[in-house]
Amino acid sequence: MLPYGQRTDALMTLEAAFLMYDADADDTNKASNQERKAAKREQPELDDAELPAIVDDRPRVKVAGRVVLARDNGKLIWLNLRDHSRDVFQIAVSKRDCDEQGFALAKKLDLGDIVIAEGPLTKTNTGEVTCWADSLVPASKCLVPPPEKHAGLTDTEQRYRQRYLDMWVNPETTRVFMLRSKLMQTLRRVLDGQGFVEVDTPVLQTQAGGAAARPFFTHMNALGIDLSLRIAPELYLKRLLVGGMPRVYEVSRNFRNEGLDKSHNPEFTSLELYQAFGNYETMREIAEGLIREMALLASEDSDGDAAKMPFGDLEIDYASDFARVTYRELFKDALGFEIDDLDRARDEATKRGFKTKSEDGTPIADIFIVNELFEEVAEAKIDPSKPTFVLDYPAALSPLTRPKADTMNDPIPLAERWDLFIGGMEIGPAYTELNDPDIQEAKFREQLAGVDDEESTFRNFDEDFINALKVGMPPAGGLGLGIDRLVMLMSNSRTIRDVLPFPMMRPVGNS
RNA sequence: AGGAGCGUAGCUCAAUCGGUAGAGCAUCGGCCUUUUAAGCCGCAGGUUCAGGGUUCGAGUCCCUGCGCUCCUACCA
């Protein structure tokens with residue numbers, strides 16, 4: 001086994017090595033070899049020292065990689081190496097030119113082994129840049145039989161459960177995770193450049209707030225209390241605004257004890273961001289700017305075009321201005337009548353077979369009827385290939401949002417909130433945040449009153465948050481973006497499991 | 001949670017109406033100094049997801065369980 005340390009210091013990536021190929025040096029070397037051979041043929045009586053010298057200025061490389069393919073021709077063995085920078089890099093190990101241990105190793109190799117090769121760069125007869133190894137040493141042994149070399153590993157279950165295998169067999173998998181990292185860098189760079197400060201707020205909370213979702217619970221021994229894992233960082237970030245931080249964001253791992261499907265994992269990542277003296281309009285500018293930057297990076301990464309980013313059958317345009325439509329307009333276009341026309345809304349819902357009464361027979365509130373129609377009928381009208389902001393949601397659906405003053409007396413008052421839809425997915429909302437402690441308290445209590453027994457076990461009244469608002473929170477804009485879903489869009493991944501290195505899986509062998 | 005589908009060698013897949021479980025790759029042995037999924041010769045490899053049932057006979061049909069996939073539902 002190779003000792004770690006100095007012997008690996010000079011290693012370069014396969015891509016860096018590949019780019020070092022020097023055609024002139026290679027040609028000169030080949031020519032001088034021919035010259036020497038010819039001289040030997042014509043004058044066999046000459047000593048080696050009298051023959052023309054071999055000129056060899058070919059760049060030498062020292063690389064490490066996993067052996068993904070090996071072709072043993074007897075006294076010449078071809079290896080294809082792979083690393084994070086390059087899928088295929090060819091090594092030739094010949095009995096004549098490689099040292100004895102290196103050649104012996106090449107004979108004994110298994111697919112999946114990691115080796116370190118050293119030698120000059122040349123081109124083969126078929127024109128492939130190749131390291132003509134003069135040394136080959138083992139770096140790591142692969143004891144597991146490799147997946148089929150052409151068809152690869154396609155079994156989705158095994159790909160998710162044994163991601164380490166998936167990653168070396170399917171380099172595309174690794175590329176998605178690397179793109180994800182670059183997208184996060186972009187996001188942080190843009191936000192930091194705008195004066196936003198990244199913070200970390202508690203994951204373990206005595207009461208999970210900031211969203212309506214079932215939390216996970218755990219127990220803390222030292223204090224003898226039950227805790228829940230956060231479902232959203234919102235209420236803590238707002239406390240920081242109260243404390244005087246003007247612009248904060250958190251890349252937040254959230255935990256929701258709900259279902260799994262192709263756009264939901266029980267733990268997922270969101271970006272939440274708050275800007276003092278901002279509003280939902282400034283949030284719109286920030287969101288659009290961020291997503292466009294991400295799309296530019298992702299399109300460059302894949303030699304694509306940010307105006308035509310593939311996502312399944314779609315081509316999504318991130319380069320043009322995002323579309324904007326109000327909740328009211330979208331509703332009217334899709335349904336043919338105004339959201340305030342509550343009688344027609346109720347008729348329409350009945351006609352479409354939606355629930356208009358709850359289990360115990362009491363009629364469902366008008367606003368929920370309207371929103372049901374909106375979500376089922378109007379949302380489907382949004383062009384999935386155009387990122388679209390839907391603006392001005394009904395205030396009753398947005399308890400943490402400042403209402404729009406000029407709609408306060410309408411049948412359905414509106415609030416300064418938008419939702420962003422891309423590729424048929426909801427990417428996130430933004431709000432002009434409510435900062436009136438009295439209204440906030442009333443809305444909290446209203447919400448709590450409406451919950452059933454089961455829900456009440458995890459819905460609490462956050463007294464301290466109201467207290468924070470009483471101290472005074474500056475008017476602010478708040479934004480939440482689903483990072484996993486954005487990475488799906490940017491990497492053309494159809495399921496959230498493809499953008500998570502280790503998605504939630506049912507344990508094997510458990511009943 | 002409901003519906004549909006799938007589960008066969010390490011991997012990718014076959015197996016007719018219910019009638020001896022097979023191939024390619026990988027492994028193992030042999031040959032081969034410009035290959036590209038290298039090629040040639042040979043060997044070996046199986047609790048057909050698990051358990052039960054029907055049958056002379058089950059990979060195949062039936063039931064139960066487990067796991068995965070897709071669709072639907074749920075999801076601020």
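Values below: every heavy atom of this structure, side chains too, minus hydrogens, waters and symmetry copies. So that the names make sense, note that chain A is the first sequence line, chain B the second, and so on, each numbered from 1.
- Nucleotide B:rU69 holds its C1' atom 10 Å from the CD atom of A:E157, rounded to whole Å.
- When rounded to the nearest whole Å, the span between CG of A:N80 and P of B:rC25 equals 17 Å.
- The shortest distance between the side-chain N/O atoms of A:T156 and the OP1/OP2 oxygens of B:rU69 is not below 4.0 Å.
- Taking the six-membered ring for Trp and the full ring otherwise, the centers of A:F374 and A:Y327 sit less than 6.0 Å from each other.
- Annotation: B:rC17 and B:rC13 have their P atoms spaced 22 Å apart (nearest Å).
- Across all strands shown, the partner of B:rU12 is B:rA23, judged by Watson-Crick or G-U wobble contacts whose two distances both fall under 3.5 Å.
- In this structure, of B:rU33, B:rC28, B:rA76, it is B:rC28 that holds the atom nearest to the side chain of A:D110.
- Distances shown here put every side-chain N or O of A:R71 at or beyond 4.0 Å from the OP1 or OP2 atom of B:rU35.
- In terms of position along RNA chain B, the nucleotide closest to A:A70 lies nearer the 5' end than the nucleotide closest to the other residue of the pair A:A70 and A:E234.
- With respect to A:R239 and A:D462, a salt bridge is recorded, a charged nitrogen being found less than 4.0 Å from a carboxylate O.
- Taking atom P on both B:rU20 and B:rC28, the two are 33 Å apart, rounded to the nearest angstrom.
- Taking only side-chain atoms of A:T124, from C-beta outward, the nucleotide of B:rU33, B:rU35, B:rU12 with the closest atom is B:rU35.
- Note: CH2 (A:W132) to P (B:rU35) measures 10 Å, nearest angstrom.
- The side chain of A:E128 lies closest to B:rU35 when the candidates are B:rA37, B:rA26, B:rU35.
- One atom, CZ of A:F368, and another, C1' of B:rA76, lie 11 Å apart when rounded to the nearest Å.
- Taking the C1' atom of each, B:rU47 and B:rA58 are spaced 15 Å apart, rounded to whole Å.
- For the pair A:R86 and A:F18, the cation-pi test (distance below 6.0 Å, angle within 45°) is passed.
- Side-chain atoms of A:P146 lie closest to B:rA26 of the nucleotides B:rA26, B:rU69, B:rA76.
- For A:A212, counting side-chain heavy atoms from C-beta on, the closest listed nucleotide (B:rU35, B:rU12, B:rA76) is B:rA76.
- Nearest-nucleotide assignment on RNA chain B puts the 5′-proximal partner with A:K108, out of A:K108 and A:G74.
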**Study point:** Trace of the side chain to side chain donor-acceptor pair (under 3.5 Å) decision for A:R230 with A:S252
**Key:** CA-CA 9 Å; A:R230 75 170 158 208; A:S252 170; 3.0 Å; yes
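- Note on A:G480: nothing from the nucleic acid sits closer than 4.0 angstrom, heavy atoms only.
- For B:rU35, there is no paired nucleotide, since no Watson-Crick or G-U wobble pair has both relevant distances below 3.5 Å.
- Side-chain atoms of A:E148 lie closest to B:rG24 of the nucleotides B:rG24, B:rU35, B:rU27.
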Collect all protein-nucleotide pairs involving nucleotides 72-74 of chain B in which both atoms are nitrogen or oxygen and the distance is under 3.5 Å.
from: B:rC74; atom 1: N4; to: A:D261; atom 2: OD2; distance (Å): 3.0

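- Sorted by first then second residue, the salt bridge (Lys or Arg N to Asp or Glu O under 4.0 Å) pairs that include residues 388-398 of chain A, not counting sequence neighbours, are A:D392-A:K404.
- Following rounding to the nearest Å, A:R159 (CZ) and B:rU12 (P) show an atom-to-atom distance of 11 Å.
- Whole-Å rounding puts the A:L420 CG to B:rA76 P distance at 18 Å.
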Check your understanding: Going through the distances and angles, do A:S398 and A:R417 end up as a side chain to side chain donor-acceptor pair (under 3.5 Å)?
Key -> CA-CA 8 Å; A:S398 314; A:R417 162 189 170 185; 3.1 Å; yes
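- Non-hydrogen atoms lying under 4.0 Å from RNA chain B are contributed by nothing in residues 423-443 of chain A.
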Practice item. Could you walk me through whether A:N371 and A:Y393 pass side chain to side chain donor-acceptor pair (under 3.5 Å), step by step? Key: CA-CA 9 Å; A:N371 197 48; A:Y393 274 65; over 6 Å; no
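- Nucleotide B:rC68 has B:rG5 as its partner under the Watson-Crick or G-U criteria, with both atom distances under 3.5 Å.
- Atom C1' of B:rC70 sits at a distance of 25 Å from the matching atom of B:rC62, rounded to the whole Å.
- Counted by atom type alone, A:S228 and A:Q207 present zero donor-acceptor pairs between their side chains at under 3.5 Å.
- Counting non-hydrogen atoms under 4.0 angstrom, A:R96 reaches a base of the nucleic acid.
- Rounded to whole Å, the distance from CD1 on A:I496 to P on B:rU69 is 13 Å.
- Taking atom C1' on both nucleotides, B:rG45 is separated from B:rA38 by 24 Å, rounded to a whole Å.
- Candidate nucleotides B:rU34, B:rC11, B:rU33 were compared by shortest atom distance to the side chain of A:P147, and B:rC11 ranks first.
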Practice item. Just do the salt bridge (Lys or Arg N to Asp or Glu O under 4.0 Å) check on A:K30 and A:D26 with the steps written out, would you? Key: CA-CA 6 Å; A:K30 279 174 178 156; A:D26 194 23; 3.2 Å; yes
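- For A:A442, the side-chain contact (heavy atoms from CB on, under 4.5 Å) criterion is met by no residue, not counting sequence neighbours.
- Annotated as syn: B:rC17, whose glycosidic dihedral is within 90° of 0.
- Across the P atoms, B:rC61 and B:rA14 are found 15 Å apart, a figure rounded to whole Å.
- Results of the side-chain contact (heavy atoms from CB on, under 4.5 Å) test with A:V63 over A:I116, A:I91, A:T13 single out A:I91 as the only residue that passes.
- Rounding to whole angstrom units, CE of residue A:M505 and C1' of B:rC66 are separated by 13 Å.
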Exercise for review: Determine, stepwise, if the pair A:Y236 / A:E234 fulfils side chain to side chain donor-acceptor pair (under 3.5 Å).
Suggested key: CA-CA 6 Å; A:Y236 281 102; A:E234 170 160 353; over 6 Å; no
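- Using the Watson-Crick or G-U wobble rule with both distances under 3.5 Å, B:rA58 pairs with nothing in any strand shown.
- Between A:L330 atom CG and A:I382 atom CD1 the span is 5.0 Å, to the nearest 0.5 Å.
- Taking a pair to require two hydrogen-bonding distances under 3.5 Å in either a Watson-Crick or a G-U wobble arrangement, B:rC74 remains unpaired.
- Of all nucleotides listed (B:rC68, B:rA37, B:rA26), B:rA37 comes nearest to the side chain of A:L69.
- Distances shorter than 4.0 Å separate some side-chain N or O of A:Q158 from OP1 or OP2 on B:rC11.
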Review point. Quick one: what's the B/S/- string for nucleotides 39-47 of chain B, heavy-atom cutoff under 4.0 Å, read 5' to 3'?
Key: ---------
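- Scored by the ring pair (Phe, Tyr, Trp, His ring centres under 6.0 Å) test, A:W132 finds A:W78 as partners (sequence neighbours excluded).
- Within the structure, every side-chain polar atom (N or O) of A:R497 is placed at least 4.0 Å from both OP1 and OP2 of B:rC68.
- Note on A:R214 versus A:E258: no salt bridge recorded, every NZ/NE/NH1/NH2 to OD/OE distance being 4.0 Å or above.
- Within the 4.0 angstrom heavy-atom criterion, only backbone atoms of the sugar-phosphate kind lie near A:T154; the bases stay farther away.
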